[in-house]
2 protein chains.
Amino acid sequence: MSDGKTIPTLDDVARAAGVSTATVSRCLNTPDRVVEKTRTKVLAVVEALGYTPNFGARAMAAKRTYTIGAIIPTMENAIFARGLQAFQEALHARGYTLLVSSTGYQAEVEAEQIRALVARGADGLLLIGRARDPSIYAFLRNRSVATLIAWTFEAGSQQPAVGFDNHAAMKALASAVIDQGHRRIGLISGTLDGNDRATARHAGIRDALTEHGLDPDDLPVIETSYEVENGGAAFETLMQRTPRPTAIMCGNDVLAVGAMKRARDMGLRVPEDVSITGFDDIELARIVTPELTTMRVPHQEMGRRAAEELVNLLEGTSPGAVIELDCALKLRGSLGPPPS
Amino acid sequence: MSDGKTIPTLDDVARAAGVSTATVSRCLNTPDRVVEKTRTKVLAVVEALGYTPNFGARAMAAKRTYTIGAIIPTMENAIFARGLQAFQEALHARGYTLLVSSTGYQAEVEAEQIRALVARGADGLLLIGRARDPSIYAFLRNRSVATLIAWTFEAGSQQPAVGFDNHAAMKALASAVIDQGHRRIGLISGTLDGNDRATARHAGIRDALTEHGLDPDDLPVIETSYEVENGGAAFETLMQRTPRPTAIMCGNDVLAVGAMKRARDMGLRVPEDVSITGFDDIELARIVTPELTTMRVPHQEMGRRAAEELVNLLEGTSPGAVIELDCALKLRGSLGPPPS
DNA sequence: GCATAAAATGTAAGCGCTTGCATTTTGCAT
DNA sequence: ATGCAAAATGCAAGCGCTTACATTTTATGC
């Protein structure tokens, strides 16, 4: 139809349809404010010209982008994938577009990404965890960007959030391990600094130990970033201690899988020689042999609810709630009684 | 510093610094066109006011966004994660921002996403695979959006691309299987329709069979979407055939892992009772027991090279090359001789 | 048919930024 | 000091869209 390189604008459509640009705009944004006959005609022209509204111009004029940004620590492993997928689907259903970026667990990168997304006109932001510089929250408030925090929950928080209680969940898992008879437990934790989820999980184990009359200071902890390989290395280090731990708890499933693989390489049987637990219950947990005992995090529901809440928040429908979701203990083959 | 809800604009900065908006703009974009003294003063004001340029306005005025869009079939599993990560890093180093969206392997969704990214002003696009409606390519050309195709390679193609030869790679893998002595092979393929990678891999196996004097029409094929669970189900179906296949080749590692898990559940030993192969060599391949025989795809390099090529292309540095990368056969425990 | 309210459409003022061109400053050679 | 080219800065016209407000058309009740 069109004869070359010119990108059609609203103006072109208006001229071709013999109406004003306002009418064309209304056909696209508030179709019910335009009489059917006009609308049909305009939309036909839109189609014929292959018109696509210019996003930047629209954002500038409307001060609204229908865009939500999500900033996650990493895309490399599956921890956030499923939740984000659900988030994205729910958003799409509400007419919003999702922009994702990752930080590699680096606070400065996150700050940069937040600015970038805000500059891009994101109407709302999904952030993982609560721990970050107050100036960031101030900035977000100042720019009136609706912000929701996910993957974590804390009763006292005033920030709108959809999450789960990392502390309680890990405590429950640790209790299950202790109930199996384990007394010498080791922890392979994700990096604690600046990661409130990892910190809460660590504290959860310590509390469980205390509650069962064990000394939390006896818990050896190795901190490492969330990669399979690191889980393996940490496992090997922990198993060299005397007396040897009978159970290794891991900050997430990825680390746990790394630990399991290394156990196999070291000729240790799981769970006969050593029990291993994870956290998250991602797909991986059921792929390995034996299947991994872990804490199931309701990723999909979290993503879905987060989308709903965030949209409500920025559309002013809701004042912003703090929602807690439940985790579920998944007892599987990787946890057994300690060797006798 | 600032007293409330107003978002500072270029104008505010200009006024506060006692210069024109043009000068402020130049301080930000072409600092060497501004004398040092002015620049220092302006940047101080920028800092003090917490000014962030409005992306939409900038895009509209400059017709350039320094944004690259990538549209991948799925984020759910790790197939594209690593390559994308490398792509993103290389892009970042060149001063570009990456926007990612996924399609769930649905062509219409992809078309929609392409339009959305173009409307958002993406300077360039990374697309997976070549198979798509010509009108999409026409649209992209018309809008002069630099487009690069990845994950696939075909000598004749005129579209700039960075990829590997799916056909040859799978043929090599199939030859390795046949060389082990397997004569009854089954294939669990990803959905073929609209997926040129899956189609090429399928054809590669058939060619290998032919070349070894076997009838490619004897190859039972189950098509399914790339999910662990589906790999398992397909495996079970294939193994119910008489005579039973001695080797199951899979369209990717995710399907293969599903097959391995199901084999275990069915009481079949790998590779003693049945051999299984994958494709991609994602992390998963080395996590399972036994480790998976698969074809290593140079994801990271592909991402990196794609970023370089795409930037060169849209900056006019390069006319757009077609680059082929090599895959590497990874023979591991999951492939053995057929049971005798 | 006519007045009047309601619905549909048009007019035009921005939104915040970049950039070609005009103007002012500066640096230097004379 | 003076003149002149080069460097620095300012001016102002858009970029493509939305939307308050003004105007025109249509529908309604008598």
Side-chain angles (χ1 to χ4, degrees), chain A residues 5-43 45-46 49-67 115-116 118-123 143-144, chain B residues 5-43 45-46 49-67 115-116 118-123 143-144:
Chain A
K5 292 257 119 189
T6 12
I7 301 175
T9 70
L10 237 213
D11 230 57
D12 298 331
V13 176
R15 206 165 316 122
V19 299
S20 73
T21 60
T23 299
V24 179
S25 174
R26 281 190 279 257
C27 283
L28 265 25
N29 300 308
T30 49
D32 32 310
R33 290 187 123 24
V34 174
V35 78
E36 158 132 26
K37 202 175 143 214
T38 318
R39 200 192 321 151
T40 316
K41 182 177 54 179
V42 170
L43 293 181
V45 174
V46 165
L49 259 43
Y51 168 76
T52 317
N54 177 305
F55 181 80
R58 173 180 280 202
M60 190 155 51
K63 307 201 159 297
R64 213 54 174 49
T65 60
Y66 292 94
T67 294
R115 289 192 162 270
V118 170
R120 276 197 144 65
D123 296 333
R143 288 290 210 278
S144 24
Chain B
K5 291 258 118 189
T6 13
I7 300 175
T9 68
L10 238 212
D11 230 57
D12 298 330
V13 176
R15 207 166 313 122
V19 298
S20 73
T21 59
T23 300
V24 179
S25 173
R26 282 191 278 255
C27 282
L28 266 24
N29 300 309
T30 49
D32 32 311
R33 289 187 124 21
V34 174
V35 78
E36 158 132 29
K37 202 175 141 214
T38 318
R39 200 193 319 151
T40 317
K41 182 176 56 178
V42 169
L43 293 181
V45 175
V46 165
L49 259 44
Y51 168 76
T52 317
N54 177 305
F55 181 80
R58 173 180 279 204
M60 189 156 52
K63 306 200 161 299
R64 206 67 170 50
T65 61
Y66 292 95
T67 294
R115 288 191 164 271
V118 169
R120 277 195 142 68
D123 296 334
R143 289 289 211 277
S144 27

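Just so it is clear: chains get the letters A, B, ... in the order the sequence lines come, proteins before strands, and each one is counted from 1.
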- Task: Please determine if a side-chain N or O atom of B/Ser20 lies less than 4.0 Å away from the OP1 or OP2 oxygen of D/dC11.
- Result: no
- Message: Nearest whole Å is fine: how far is C/dT18 P from B/Tyr66 OH?
- Response: 11 Å
- Determine the minimum heavy-atom distance between A/Ile7 and A/Asp12, stating which atoms define it. O-OD2, 3.8 Å
- Query: Any side-chain heavy atom of A/Val19 sitting closer than 4.5 Å to one from A/Val24?
  - Reply: yes
- Message: Apply side-chain contact (heavy atoms from CB on, under 4.5 Å) to residues B/Tyr51 and B/Val45 and explain how you reach the verdict.
- Response: CA-CA 8 Å; B/Tyr51 168 76; B/Val45 175; over 6 Å; no
- Task: Give the nucleotide from the list D/dC11, D/dT19, D/dA8 with an atom nearest to the side chain of B/Val35.
- Result: D/dA8
- B/Arg120 side, atom CZ; A/Asn54 side, atom CG - distance, nearest 0.5 Å: 11.5 Å
- Query: What is the distance, rounded to the nearest whole Å, between atom CG of B/Asp12 and atom C1' of C/dC17?
  - Reply: 13 Å
- Item | Side-chain heavy atoms of A/Ser20 within contact of A/Thr23, under 4.5 Å | yes
What does the list of N/O pairs under 3.5 Å between the protein and nucleotides 15-17 of chain D look like, with a distance for each?
from	atom 1	to	atom 2	distance (Å)
D/dC15	O3'	B/Lys63	NZ	3.2
D/dG16	N2	A/Ala57	O	3.4
D/dC17	OP1	A/Tyr51	OH	2.3
D/dC17	OP1	A/Asn54	N	3.1
D/dC17	OP2	A/Leu10	N	2.3

- Message: For A/Glu36 and A/Ala22, find the nucleotide of DNA chain C closest to each by heavy atoms; which residue's nucleotide sits nearer the 5' end?
- Response: A/Glu36
- Message: In the structure I gave you, are the side-chain heavy atoms of B/Asp11 and B/Arg15 within less than 4.5 Å of one another anywhere?
- Response: yes
- One would report the end-axis bend of the helix from C/dG1-D/dC30 to C/dT30-D/dA1, five pairs per end and rounded to 10 degrees, as 30°
- A/Arg33 CZ - C/dA6 P separation (whole Å): 14 Å
- Let me know the distance between NZ of B/Lys37 and C1' of D/dA8, rounded to the nearest Å. 12 Å
- Task: First locate atom CZ of B/Arg39, then atom CG of B/Leu28, and finally report the distance between them rounded to the nearest 0.5 Å.
- Result: 11.5 Å
- Query: CZ of A/Arg26 versus C1' of C/dT11: gap in Å, rounded?
  - Reply: 10 Å
- Item | Heavy atoms of other groups near A/Arg33 CZ, more than 12 under 6.0 Å | no
- Item | Nearest-0.5 Å distance, CZ of residue B/Arg143 to CZ of residue B/Arg115 | 7.0 Å
